[in-house]
Asker: 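Quick one: the structure is below, and I'll ask about it shortly.
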Amino acid sequence: MADHIPTVRQRRLAQSLRELRLKAGLTQEQVAAEMGWHSSKLFRLENARSPRVDWVDVKELLDLYGVASPQRDALIQLARDARRRGWWTPYSDVFTGSFVALEDAASLLRVYQSELVPGLLQTSEYARAVITAVRPGLPPEETERRVEARMARQLAVLDRDHSPQLVCLLNEAVVRRPVGGPSTMRAQLRRLTEIDGRPDVAIRIIPFGAGAHAAIEGPFVLFQFPEEHAPDVAYVEGAMGDLYLESVEEVQRYTLLFERICELALDVEETAKVIAAAAEEL
């Protein structure tokens, strides 16, 4: 069974319920006993692990904690909203972790990529070439399923009302490496040029001449959300697995990294020239 992907609303609710229990001076075991629940049920609620959030359960917890309105009403509504299915539900066999839920809820995405065009900007041919390269034993039908999911993700995030602001800093290698062959790469570079003309998208190249820089260790994404009390999240890709960082100190570190490499990135006009030159060399 695919992992449950919590929405940002569910993560906010889980954090609020955990904080209210601690403020009440109660342990998970005490609350579970009082509610007549198995302790694992409360654990799942407080860690956004439950695929189904029952607003009645939340209401009864708020009664136990003595929470009054307007906070009470807001959290009950949050519990109702947390039950809404995300666009990615039909692709739960493809997506794991919290990435697509965070991306879907974000108002600002700041992306640094060192090797590949970010998934939100890939053409289907480029995506197919990448998936085939990193998963060489994958059956063709599963490869196509992943390509389909990636294209659905683009529609859900970039073509909706109030799409997020997207700032992408790309290592020059991203536009120089001919992924999928010359024809596929030319089409991908055209896609970058076209989407860079949108008012909500900014793409900038970090040139080879910048040398070593603060983010040279690898890609990351910073998620910023419009909702009050929804803290920023940093997502870091790594050889040993992906990390979701939420502490103020960790997010601040990656925010500073992004600001530092912004200073090294080419401006819009110079970035366009590098992309055009890369296309001409194919």
Side-chain angles (χ1 to χ4, degrees), residues 2 5-12 81-113 115-132 142-170 174-175 179-180 183-205 219-227 230 232-235 237 242 244 258 268 271-272 275-276 279:
I5 301 177
T7 63
V8 170
R9 293 182 183 88
Q10 190 173 356
R11 289 162 62 91
R12 287 173 56 202
D81 291 343
R83 297 177 62 179
R84 293 191 303 197
R85 289 158 57 93
W87 66 262
W88 56 86
T89 302
Y91 298 101
S92 58
D93 56 320
V94 174
F95 297 116
T96 60
S98 299
F99 189 94
V100 288
L102 294 170
E103 186 178 68
D104 182 66
S107 56
L108 172 63
L109 296 165
R110 287 169 288 180
V111 181
Y112 167 65
Q113 256 294 351
E115 297 294 326
L116 298 170
V117 171
L120 282 178
L121 307 181
Q122 293 177 5
T123 66
S124 58
E125 293 82 5
Y126 184 99
R128 187 174 294 107
V130 170
I131 293 166
T132 300
E142 291 191 31
T143 297
E144 292 309 309
R145 175 72 172 162
R146 290 175 180 272
V147 172
E148 177 187 333
R150 196 162 298 184
M151 297 303 104
R153 173 185 161 207
Q154 292 181 10
L155 288 173
V157 177
L158 295 181
D159 291 349
R160 70 174 188 234
D161 292 338
H162 309 296
S163 60
Q165 289 288 318
L166 175 61
V167 181
C168 292
L169 301 183
L170 307 180
V174 172
V175 298
V179 173
S183 177
T184 294
M185 195 64 197
R186 275 193 292 267
Q188 179 62 73
L189 294 176
R190 283 196 300 271
R191 165 72 170 159
L192 291 181
T193 300
E194 291 165 1
I195 200 166
D196 199 23
R198 289 176 44 155
D200 56 345
V201 177
I203 300 171
R204 295 174 63 191
I205 299 293
F220 64 92
V221 180
L222 287 162
F223 302 94
Q224 183 174 312
F225 308 100
E227 296 95 341
D232 294 359
V233 176
Y235 166 82
E237 296 183 37
D242 302 333
Y244 296 90
F258 197 85
V268 174
T271 291
I275 294 175

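Values below: all heavy atoms of this structure, side chains included; hydrogens, waters and symmetry mates excluded.
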Asker: If you apply the rule side chain to side chain contact (heavy atoms under 4.5 Å, CB included), what do you find for Asp232 with Arg110, and how did you get there?
Answerer: CA-CA 11 Å; Asp232 294 359; Arg110 287 169 288 180; 4.0 Å; yes
Asker: So Phe223 and Tyr235, would you call those rings parallel, tilted or perpendicular, with 30° and 60° as cut-offs?
Answerer: perpendicular
Asker: For the residue pair Met151 and Ala127, what are the closest heavy atoms and their distance?
Answerer: CE-CB, 4.3 Å
Asker: Find the distance between CD1 (Ile131) and CZ (Arg145) and round it off to the nearest 0.5 Å.
Answerer: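 Between Ile131 CD1 and Arg145 CZ, I get 12.0 Å after rounding to 0.5 Å.
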Asker: To the nearest 0.5 Å, how far apart are CD in Glu194 and CG in Asp196?
Answerer: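 Glu194 CD to Asp196 CG: 11.0 Å, rounded to 0.5 Å.
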Asker: Counting N and O atoms only, with roles assigned by atom type, does the side chain of Thr132 sit under 3.5 Å from a partner on the main chain of Ala129, one being a donor and the other an acceptor?
Answerer: no
Asker: About how many Å separate CD1 of Ile203 and CG of Leu170, when rounded to the nearest 0.5 Å?
Answerer: 6.5 Å
Asker: Below 4.0 angstrom, N of the basic side chain to O of the carboxylate: do Asp200 and Arg160 qualify?
Answerer: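 Judged by the 4.0 Å cut-off on N to carboxylate O distance, Asp200 and Arg160 do not form a salt bridge.
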Asker: As a quick check of understanding, evaluate side chain to side chain contact (heavy atoms under 4.5 Å, CB included) for Leu121 and Leu192, giving each step before the final call.
Answerer: CA-CA 7 Å; Leu121 307 181; Leu192 291 181; 3.9 Å; yes
Asker: Of all the heavy-atom pairs spanning Met185 and Val174, show the shortest one and how long it is.
Answerer: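 Heavy-atom minimum between the residues: CE-O, 3.4 Å.
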Asker: Closest approach of Arg191 and Leu120, non-hydrogen atoms and distance?
Answerer: NH2-O, 3.9 Å
Asker: Do Phe99 and Trp88 have ring centroids that are under 6.0 Å from one another?
Answerer: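 Centroid separation for Trp88 and Phe99: 6.0 Å or greater.
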Asker: Kindly give the heavy-atom pair with the smallest separation between Asp159 and Arg198, and that separation in Å.
Answerer: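 Looking at all heavy atoms of both residues, the shortest contact is OD1-NH1, 3.6 Å.
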Asker: Nearest 0.5 Å, please: how far is CD in Gln188 from OG in Ser124?
Answerer: 9.5 Å
Asker: Could you tell me which non-hydrogen atom of Gln122 sits nearest to which non-hydrogen atom of Val117, and how far apart they are?
Answerer: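 Closest approach of Gln122 to Val117, heavy atoms only: NE2-O, 2.8 Å.
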Asker: Given Leu166, which of Leu158, Val157, Leu108 fulfils the side chain to side chain contact (heavy atoms under 4.5 Å, CB included) condition?
Answerer: Leu158
Asker: Please report the interatomic distance CZ(Arg153) to CG(Asp104), rounded to the nearest 0.5 Å.
Answerer: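 Answer for the CZ-CG pair, Arg153 versus Asp104, is 11.0 Å.
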Asker: Can you check side chain to side chain contact (heavy atoms under 4.5 Å, CB included) on Trp87 and Val100, steps first, answer last?
Answerer: CA-CA 9 Å; Trp87 66 262; Val100 288; 4.2 Å; yes
Asker: Are the side chain of Thr123 and the backbone of Tyr126 linked by a donor-acceptor contact shorter than 3.5 Å?
Answerer: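 Side chain of Thr123 to backbone of Tyr126, a donor-acceptor pair under 3.5 Å: yes, one is there.
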Asker: Might you point out which heavy atoms bring Ser107 and Phe225 nearest each other, and give the distance in Å?
Answerer: OG-C, 3.6 Å
Asker: With side chains defined as the heavy atoms from C-beta onward, is the minimum distance between Val175 and Leu189 less than 4.5 Å?
Answerer: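 Contact flag for Val175/Leu189 side chains = yes.
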Asker: Could you go through Arg128 and Arg146, starting from their C-alpha distance and side-chain angles, then the distance that decides it, and tell me whether this counts as side chain to side chain contact (heavy atoms under 4.5 Å, CB included)?
Answerer: CA-CA 8 Å; Arg128 187 174 294 107; Arg146 290 175 180 272; over 6 Å; no
